[in-house]
Amino acid sequence: MQKPQVGLVGLGTMGAALALNIAEKGFPIAVWNRTTSVTHDFHAGAGDLAARIVPTDTLQALVAAMAGPRSIILMVPAGQPVDDQLAALAPLLQPEDLVIDAGNANFHDTNRRAAAGLPFGFMGIGVSGGEEGARHGPAIMAGGLPIHWQRMRKVFQAIAARAEDGTPCADHMGEGGAGHFVKAVHNGIEYADMQMIAEVYGVMRDGLGMSAAEIAPVFARWNEGVLRSYLVEISAAVAGAADPVKGGPLLDMIVDAAGQKGTGRWTAIEAQNLGTPIPVIEAAVMARNVSSRRGERAAGEALYGPGPERVEVALDDLEQALIAGKILCYAQGFAMMTAAAGEFGWALDMPRVARVWRAGCIIRSAMLNDMAEALAEDPGRNLMLAPFFADHLRRTLPALRRVVAAGALHGLGLPALSAGLAWFDLMRTARGTANMIQGQRDFFGLHGFQRIDGLDQPHGPWAKG
Ligand code: 6PG
């Protein structure tokens, strides 16, 4: 076997799966893990692929086992461990070598590292799809210099998932932290998609009194239509799963406190920094935070009483509401990326982002094909103004209103769906209410305002002297 030009550091679940995927696609690969036994166990368990994998015991041995120019993928936890690996590799590598951070890095860190003048090339790539994706085809959002993308393109596109039209779901998003930024927005949308599904699940469970076993086929049916997506598909499987310990639905036995590693929160924080509204994603992050406050929620229920016995909502309305919520959420996510591209000087191509998300990643869905087409017509236009999605929204908005209204009247919290609707209503109102805010600002702080007739009036009559 010729010496590998590709290497991988970090054989945790994702790293091991990615290494096997790379070897399977015909690229010899050298691997190293901090714990030597992990490296050898991985190699021993690689079956036929072991012949293309070179296990190494030290970082020096990894570098020595490779031919130049080397491309070393880091699959280590985000944050300090990445900086530590970069520092450890610095004395070992040549300027033409390349190190690729494939973890869930904060894009600000990736920007910083890309600008730090490392003694080798550096890329930051977002990889989505969990273990199964990493092993058999993730979506890859690559960031870095075009020359480095060109070098890695063959590998990334070989290992990536393929959309239904055969296009690999791996592409170059832009320089520096662009790939990790797109991955962060992906995760924000992931949080929002999951939250909206959880909200309609809640209406079915608490409002309509349906059992998990009754809810499962509803999700499965929705997965045959406009909502066809990985997350709706797995929601059907989760709702339908039996508890192997006690029988009955497993879903009813799972504690209602959501974990999070922070990527959704980064997206919400960044949206605030950019001044671009993503209320559906922000609501989803908020709801995860509330979910973990179990004691306070129990105290709240003890004080104010439980929610409603029953709510009148049609299942069709829930499906339509989910469609509307999803469109609104993606419209916000793409608008945020457009704002970020301007702010950070990235040539982010919105249709390309939508196409990369069509397969392999957690938010993959049938709707992304239509989004890619609508964005290709006019990449800068908000998705809610694209004729195709405007048609969808006109059809589904009445149901979203009925669902949100039912939730509000009966005390079922639907933060993400409500936030989507409120944003939509603000975005379709030419004459808003911020004239009152401008009047208040001028009253207490003489901040000034503009008149709608264009006449010059620096301040209102409340200004003294
Ligand atoms: C993916 C996911 C993945 C993420 C998990 C858990 O695209 O494969 O986004 O990167 O780490 O979904 O995220 P939370 O722990 O924040 O829910």
Side-chain angles (χ1 to χ4, degrees), residues 10 12-18 21 73-79 81-82 100-107 109-110 124-143 156 159-161 163 169-171 173 177-198 229-235 237-238 254-271 278 280-292 329-330 333 336-337 353-365 368 416:
T13 314
M14 291 291 285
L18 210 60
N21 188 354
I73 299 170
L74 300 184
M75 260 302 189
V76 299
V82 174
I100 301 145
D101 176 12
N104 262 336
N106 185 316
F107 81 97
D109 286 339
T110 308
I125 67 167
V127 178
S128 176
E131 183 187 1
E132 179 68 14
R135 176 65 186 88
H136 298 291
I140 297 178
M141 294 142 258
F156 291 159
I159 64 170
C169 289
D171 215 331
M173 302 289 113
H180 278 138
F181 175 80
V182 172
K183 176 68 195 332
V185 177
H186 165 286
N187 280 32
I189 292 175
E190 173 184 308
Y191 278 43
D193 266 349
M194 292 166 78
Q195 174 64 25
M196 288 187 287
I197 292 171
S229 61
Y230 174 69
L231 285 170
V232 171
E233 177 192 330
I234 66 167
S235 301
V238 168
I254 299 177
V255 172
D256 58 339
Q260 53 181 318
K261 296 200 199 73
T263 45
R265 185 170 62 228
W266 292 346
T267 312
I269 290 169
E270 207 49 45
I278 54 162
V280 181
I281 293 171
E282 287 169 341
V285 177
M286 176 279 285
R288 282 205 192 189
N289 293 336
V290 171
S291 81
S292 64
C329 163
Y330 279 70
M336 176 178 174
M337 286 188 282
V353 174
R355 283 196 289 269
V356 161
W357 288 350
R358 287 180 300 171
C361 66
I362 303 294
I363 63 170
R364 61 186 181 261
S365 78
L368 279 159

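Counting starts at 1 for both ligands and their atoms, in listed order. Owing to the predicted nature of the structure, the values given are computational and were not obtained by experimental measurement.
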Residue pair L368, Y330: steps toward the side-chain contact (heavy atoms from CB on, under 4.5 Å) verdict: CA-CA 9 Å; L368 279 159; Y330 279 70; 3.9 Å; yes
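- The closest protein non-hydrogen atom to atom 16 (O) of ligand 1 is Y191 OH, 2.5 Å.
- Looking only at heavy atoms of the protein, atom 11 (O) of ligand 1 is closest to N104 ND2, 3.3 Å.
- Ligand 1 has no N or O atom lying under 3.5 Å from any N or O atom of I362, backbone or side chain.
- Applying the side chain to side chain contact (heavy atoms under 4.5 Å, CB included) criterion to E233, with sequence neighbours excluded, gives N223.
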Show your working on side-chain contact (heavy atoms from CB on, under 4.5 Å) between R288 and V285 and close with a plain yes or no. CA-CA 5 Å; R288 282 205 192 189; V285 177; 5.8 Å; no
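- Across every non-hydrogen atom of C329 and A192, the tightest pair is SG-CB, 3.5 Å.
- When all heavy atoms of A139 and C361 are compared, the pair lying nearest together is CB-CB, 3.6 Å.
- Short contacts between ligand 1 and H186, defined as distances under 4.0 Å to a heavy atom of the residue, involve ligand atoms 7 (O).
- With hydrogens left out, the protein atom closest to atom 9 (O) of ligand 1 is E190 OE1, 2.6 Å, a heavy atom.
- Scanning all protein heavy atoms for the shortest distance to atom 7 (O) of ligand 1 gives S128 OG, 2.4 Å.
- Only the side chain of R288 comes within 4.0 Å of ligand 1, counting heavy atoms alone; its backbone N, CA, C and O stay farther away.
- Here the OH atom belonging to Y230 is positioned 10.0 Å from the OG atom belonging to S235, to the nearest 0.5 angstrom.
- No N or O atom of V127 sits closer than 3.5 Å to an N or O atom of ligand 1.
- Within the 4.0 Å heavy-atom shell around ligand 1 one does not find G264.
- Residue contacts with ligand 1: G129 is included, with a non-hydrogen atom under 4.0 Å away.
- Geometrically, ligand 1 and K261 share a nitrogen or oxygen pair separated by less than 3.5 Å.
- The CG atom of N187 sits 10.5 Å away from atom NE2 of H180, with the distance rounded to the nearest 0.5 Å.
- Side-chain atoms of N21 come within 3.5 Å of backbone atoms of A134 as a donor-acceptor pair (strictly under, hydrogens ignored).
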